[in-house]
Amino acid sequence: MERLAELDANLADGGVVADLKRYRALSREQAEVAQLVGLFRRYQQREADLAAAREMLSDAELAEMAREEIAAASADLERLS
C-alpha cells in the first residue's frame with residue numbers, strides 16, 4: 001500500500017509526466033500494484049466479515065444468517081488465497 005501511494009505521487013509529478021517512457025512504466029506498475037492492493041483489502045474485509053459472522057453464531061436469531069455468511073466468506077477467502 002505504501003508503494004501504491006508512492007507511485008500515485010510520482011505519477012502526479014510534472015517531471016515524470018514529461019518523461020513519457022518513465023510515465024508509462026510507472027503507470028503499468030501502478031495498475032498492477034493497485035490491483036494487488038485491491039485484492040488484499042478484499043481479503044482483509046472478508047476476514048473481518050468471517051470473524052463477525054462467527055460471533056453472531058451465539059445469537060439464535062442470527063445463527064442461520066451467520067452460517068450463510070461464514071460459508072460465503074470462507075469461499076471468498078479460498079478464492080483470494
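Remember, it's a predicted structure, so these values are computed and weren't measured experimentally.
Salt-bridge formation is detected for the pair E69/R46: a Lys NZ or Arg NE/NH1/NH2 atom is positioned less than 4.0 Å from an Asp or Glu carboxylate oxygen.
Interatomic distance, CD of E32 versus OG of S27, reported as 11.0 Å (0.5 Å rounding). Note: Q45 CD to L77 CG = 10.5 Å, rounded to the nearest 0.5 Å. With rounding to the nearest 0.5 angstrom, the CG atom of L57 is 6.5 Å from the CZ atom of R67. Expressed to the nearest 0.5 Å, how far CG of D8 lies from CG of D13 amounts to 13.0 Å. Distance CD1/I70 to CE/M56: 8.0 Å, rounded to 0.5 Å. Here the CD atom belonging to E29 is positioned 9.5 Å from the CG atom belonging to L4, to the nearest 0.5 angstrom.
In this structure, R3 and V37 have side chains that are not in contact, with every pair of non-hydrogen atoms separated by 4.5 Å or more. Taking the side chain as every heavy atom from C-beta outward, K21 and D19 approach each other to under 4.5 Å.
Here the shortest heavy-atom pairing between A66 and A53 reads CB-O, 3.3 Å. Counting all heavy atoms, side chain and backbone alike, V16 lies closest to Y23 at O-CB, 3.6 Å.
L26 and L36 fall into different hydrophobic clusters, where Ile, Leu, Val, Met, Phe, Trp and Tyr side chains are chained together by heavy-atom contacts under 4.5 Å. Taking hydrophobic clusters as Ile, Leu, Val, Met, Phe, Trp and Tyr residues chained together by side-chain heavy-atom distances below 4.5 Å, V33 does not share a cluster with L39. Connection of M1 to L80 is not established within any shared hydrophobic cluster, with ILVMFWY side chains joined at heavy-atom distances below 4.5 Å, either directly or through further cluster members.
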